[in-house]
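Below is one structure; the comments refer to it alone.
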Amino acid sequence: MSIVFNEKTRTFHLFNSKISYIMAVLPNGNMGQYYFGKRIHEKEDYSYFLEMVPRSMASYVFEGKRTLSLEHVKQEYGVYGSSDYRFPAVEILQENGSRISDFCYQSYTVTAGKPKLEGLPATYTENKDEAETLTLILEDEVTGVRLELLYTIFAEGGVIARSARFVNEGESAVHLLKAMSLCLDLPDCDYDWIQFSGAWARERHVKTRRLEQGIQAVGSTRGHSSHEHNPFVILKRPTTDEFQGEAIGFSLVYSGNFLAQAEVDTHDTTRVVLGIHPESFDWKLAPGETFQTPEAVMVYTDRGLNVMSQTFHHLYQKRLARGYWRDRVRPILINNWEATYMDFNEEKLLRIARKAKESGIELFVLDDGWFGARRDDTAGLGDWKANTDLLPEGIVGLAQKIEDMGMKFGLWFEPEMVNKNSDLYRAHPDWILAVPGRKQSQGRYQHVLDFSRREVVDYIYDSMADILGNAKVSYVKWDMNRSITECWSAALPADRQGEVFHRYILGVYDLYERLTSAFPEVLFESCASGGARFDPGLLYYAPQGWASDDSDAIERLKIQYGTSYCYPISSIGAHVSASPNHQVMRNTPLSTRANVACFGTFGYELDLNRLTEEEQEEVKHQVEFMKKYRELLQFGTFYRLKSPFEGNITAWMAVSEDRSKAVVGWYKVLNGANMPYMRLKLAGLDPDRKYTVREDGEAGGKDLGGFYGDELMNAGLVTTDTSAGDALPGMHPGRDFDSRIFVLE
C-alpha cells in the first residue's frame, strides 16, 4: 500500500494491490475527486480526469471564465451554494446567518497505521504496516474553521475508511448543520442500489433498484440505526452478481441517526453521501472546539458481492470487534425468554438449566423480569436490584448455582430505559428525554434516559458494575426497546438542543467502553428489540448482536442472508426456538431450526424439558455438531449460493481458511410434487482436492462419497429430493421447511 503526493500536479494517489483512490486540488483550492476503483498505475499526471466544459445555466467560480463550475466537477467534500447545487457534505450556519463555506487545501500529513477517533467506535490497526492514513487539512478563511479529511487505506483488500474533523480556530461560534462522514462523486450512474430494510421481525431484507436521476436514500431519525433501514448500502453494476462484477459497499460505523444517499444529477453523475442524518442535527462549535464525524468504510471489488462481503467480514471481525471474545468461538447458550417470559422463579430457571446442561449447553441466560417490581413491562426498568421474592439469594446466588452445574451465567439489562413506575424515575423525573410543557410519548410503557448527561451514565454504570463485580456473570444481553421521541435534554441550553441525539449515542458508547474495560472477559451481546441497532458501531463493543426477535427459521433465512452482506457470521445471534414459533406460529422441523441457527452464534430459546425424548436426543446431536464445527461456521469464509429473495431454495456455505473443510447449508421453503433434479454449485473449494461429503442428518449423517473441488464447484452437488411416498432407499424424502447440512472434509 502507498500514499503518493505529486507536488507539481497536487495529486494524491492512495493504492494497494486491489484499488486506487485518486484526488487532486482543484483550481479554486477545493479538493476534487478523480478516481476510485480497481488499481491503476502510478504516474505524475491524471489531469485528464478533470473535465470542465461550459454549460448553459451553470454558475462559475471565477469571474469571466466559463470553465470551473462546482456543479459539474467531482468533489471530495461538496459545499452547497457556490456554484454547486447538489446535496452538500457540509453546511455551517455562521454568526451573520450565512451558510456558505469554502474549504481550501492547506497541507497534508501521512501517518503509518490508523489514529483512534476519540469517543467513537472505528476500525483500527494492531501493527503500523497494516494501513496508512492521509489527513488533508483544509480551511475556510472567513470563519477560521479547519476541516481535516481522514483517509485510511488498508494494506489488504479494497478498503478505505473515511471521516471528517472540524476545528473552530475562528473567533465566533458556528453551528454545524450537516457534517457527513463521506462524500464520493462517481462519474456515471450505471448502478443498482441495494439497501437492507424492513421492520421489527423482518430486518435487513434485500431491496434492489436501478439508480435514476434524482435522489435515492435511506436513513433513520429514530435515535438509533433502526429496524427500518441499516446504515449500509451497495452500488453494483447491473451485471454484477455474487461471483463477478464491480460493486462498492458503504458502511457507517455509527449507531444513531444516519443518512445514506445517492444523488444522480441530470448529467448522470452520482454523489454518494453517508453520515449523521442532518434532520434535527445542529452542533454548536465554539472557538477552540472540535467535532469528529463517525467513520465510514468503503469497500470496492471487481469480483462480485461475495468478495465484497468477505472483505467486510474480515475487517469487522478482526479490526473492528475487539477484546477477549474477538477471536474466540461463541458459547452455546440457552435463554429463558421464550421459555418463561416473566413468569418464573428460581426453581423453574434451575430446572431449565439442568436439562440444558445434560444437553451439553454451556451458558444459561436470564432475560427480562429479574429486577425491582418487574413482573410485566410496565414497571421496574432502571431499578437494577434483584427481586428476592423470585431469586431468594439474588443474582449472586443464582449465578453461583449455575456455575456449580458447570455452566456459565448470563444476564439481561436494558440500561438506557426507565419505567415511570420505578424508584429511579421517582427519584429523578428530569432524567428522561422530554420537552417541558409537551406530552411525553411512550413505547413499551417506558421512557428513554438522557444519556447525553454524564451523571445519568455514571448512575447506570455503577448499578451494572455492582452486579457484574459481585456475581459470576459471564455474558450480558444489552437490550434497547424503544425509539427516541421528544428529544430534549434538561441539561443543555437552547442553542445546543440539536446536539442531543448525537450526545445520546456518545453516552451509550461511553457506558459500553467503561463496562467492557472493567469486565474484559464478559461477552456482551447487543440487542435492540431484536435488530434495531445491528450496526458496526456496536460491533466495536459487543462482538455479536441479536439479529432479530423473529426466531422462526424460515423468516431467519432472509434476515441472516441480508445481514451477511456486511456483517460476519460470528456477529449474528441466532437461536433454536419453540414450534409453533412465537412470532409467526409456523411449525418447522427441529432440524431446520438448528440448521439455520448454526450459521450464527447458536443457542436455544425454549424449555428443553417440554421436548420429547427423541427431540432431546436430537438437541444433544445438534450441540455436538456445533461444538465440532463452530470455529469453521463462525470464522470461516462465508459464501452466499442461493438467495431466499429469488426462489424457494436458499443455500450458503462456510469454508475453512486452508480450504480443507466446508459446511454447506441447504434450505427449502415449500415442498413440491414431482420436482426437477437439482444441483447446487459450491464455491471457495480447492479444485484439486478430493472431499468426502457427508450429510449430517438427524440420524447421525450418511456418507455421500468423494468428489473433487472442481466437480463440486462446476458440476455441482446433487441435492435432488423426492416425495416421501416415492423415496427409494438412500434418497432424501422432501417436506415443507426442509433443510440439509453437508460437511466436506
Side-chain angles (χ1 to χ4, degrees), residues 1-7 9-16 19-26 29-36 42 74-79 89-90 92 101-141 143-155 159-170 176 178-185 250 252-254 273-276 283 285 288-298 315 319-320:
M1 104 211 112
S2 188
I3 297 174
V4 175
F5 175 61
N6 186 289
E7 188 75 41
T9 60
R10 297 207 294 177
T11 302
F12 294 88
H13 186 183
L14 293 69
F15 60 87
N16 60 22
I19 56 171
S20 286
Y21 191 99
I22 304 173
M23 53 190 164
V25 182
L26 295 173
N30 296 166
M31 290 302 303
Q33 159 53 221
Y34 275 8
Y35 174 81
F36 177 46
E42 163 59 20
K74 295 181 286 297
Q75 298 174 67
E76 278 302 302
Y77 209 70
V79 178
V90 57
I92 300 178
S101 300
D102 186 22
F103 287 102
C104 293
Y105 171 78
Q106 301 294 314
S107 61
Y108 76 95
T109 61
V110 175
T111 55
K114 187 173 187 293
K116 182 178 173 62
L117 300 188
E118 192 63 36
L120 285 165
T123 57
Y124 59 89
T125 55
E126 291 187 342
N127 301 299
K128 289 188 175 181
D129 60 358
E130 292 177 0
E132 280 187 312
T133 299
L134 169 68
T135 303
L136 297 180
I137 299 169
L138 296 83
E139 185 177 350
D140 179 57
E141 184 179 355
T143 61
V145 175
R146 186 173 83 240
L147 168 60
E148 299 175 2
L149 298 178
L150 286 75
Y151 302 78
T152 297
I153 183 166
F154 288 82
V159 183
I160 290 180
R162 294 182 57 177
S163 67
R165 183 184 299 126
F166 295 86
V167 183
N168 188 351
E169 296 180 334
L176 295 176
K178 293 184 181 73
M180 307 308 286
S181 299
L182 170 154
C183 178
L184 179 68
D185 286 351
F250 300 90
L252 186 66
V253 186
Y254 189 60
V273 292
L274 182 64
I276 294 173
W283 191 275
L285 199 64
E289 291 185 341
T290 298
F291 181 81
Q292 171 67 55
T293 73
E295 179 170 274
V297 177
M298 305 188 300
L315 179 68
R319 293 296 181 265
L320 180 61

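Just so you know, residue 1 is the first one in the sequence shown, and it goes up from there. Every heavy atom of this structure was used, including side-chain atoms; hydrogens, water molecules and symmetry mates were not.
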Are [X] and [Y] packed together at the side-chain level, in the sense that at least one heavy-atom pair is separated by less than 4.5 angstrom?
X      : Y      : result
Arg165 : Phe291 : no
Leu117 : Ser163 : yes
Phe5   : Thr11  : no
Met180 : Ile276 : no
Cys104 : Leu138 : no

For the [atom1] atom of [X] and the [atom2] atom of [Y], what is their distance to the nearest 0.5 Å?
X      : Y      : atom1 : atom2 : answer
Leu182 : Tyr77  : CG    : OH    : 9.5 Å
Leu184 : Met23  : CG    : CE    : 11.0 Å
Phe166 : Asp140 : CZ    : CG    : 10.5 Å
Glu130 : Ile153 : CD    : CD1   : 14.0 Å
Leu26  : Lys74  : CG    : NZ    : 10.5 Å
Leu252 : Leu274 : CG    : CG    : 4.5 Å

Could you tell me whether a side-chain N or O of [X] sits under 3.5 Å from a main-chain N or O of [Y], the two making a donor and an acceptor?
X      : Y      : result
Asn127 : Asp129 : no
Ser181 : Pro294 : yes
Glu139 : Phe103 : no
Asn30  : Val25  : no
Asn168 : Leu285 : yes

Before you tell me yes or no, could you show the steps for Thr135 and Thr111 under side chain to side chain contact (heavy atoms under 4.5 Å, CB included), namely the whole-Å CA-CA distance, both residues' side-chain angles and the distance that decides it to 0.1 Å? CA-CA 8 Å; Thr135 303; Thr111 55; 5.5 Å; no
In terms of heavy-atom contacts, Asn6 and Thr9 come closest through OD1-N, 2.9 Å
Restricting to ring-ring contact (aromatic ring centres under 6.0 Å, His included), what partner residues turn up for Phe15, sequence neighbours left out? His13
Report the residues that fulfil ring-ring contact (aromatic ring centres under 6.0 Å, His included) with Tyr151, sequence neighbours left out, ordered by chain and then residue number. Tyr21
Walk me through whether Val79 and Asp102 qualify under side chain to side chain contact (heavy atoms under 4.5 Å, CB included). CA-CA 7 Å; Val79 178; Asp102 186 22; over 6 Å; no
Would you kindly say whether [X] and [Y] are connected by a side-chain donor-acceptor distance under 3.5 Å?
X      : Y      : value
Glu295 : Thr123 : yes
Gln75  : Gln33  : no
Thr133 : Thr152 : yes

Note: [X]-[Y] ion pair, threshold 4.0 Å (strictly below):
X      : Y      : result
Glu132 : Lys114 : no
Arg146 : Glu148 : yes
Glu76  : Arg162 : yes

Before you tell me yes or no, could you show the steps for Leu14 and Ser20 under side chain to side chain contact (heavy atoms under 4.5 Å, CB included), namely the whole-Å CA-CA distance, both residues' side-chain angles and the distance that decides it to 0.1 Å? CA-CA 6 Å; Leu14 293 69; Ser20 286; over 6 Å; no
Before you tell me yes or no, could you show the steps for Leu134 and Leu150 under side chain to side chain contact (heavy atoms under 4.5 Å, CB included), namely the whole-Å CA-CA distance, both residues' side-chain angles and the distance that decides it to 0.1 Å? CA-CA 6 Å; Leu134 169 68; Leu150 286 75; over 6 Å; no
Should the pair Phe12 and Tyr108 be assigned to parallel (<30°), tilted (30 to 60°) or perpendicular (>60°) ring geometry? perpendicular
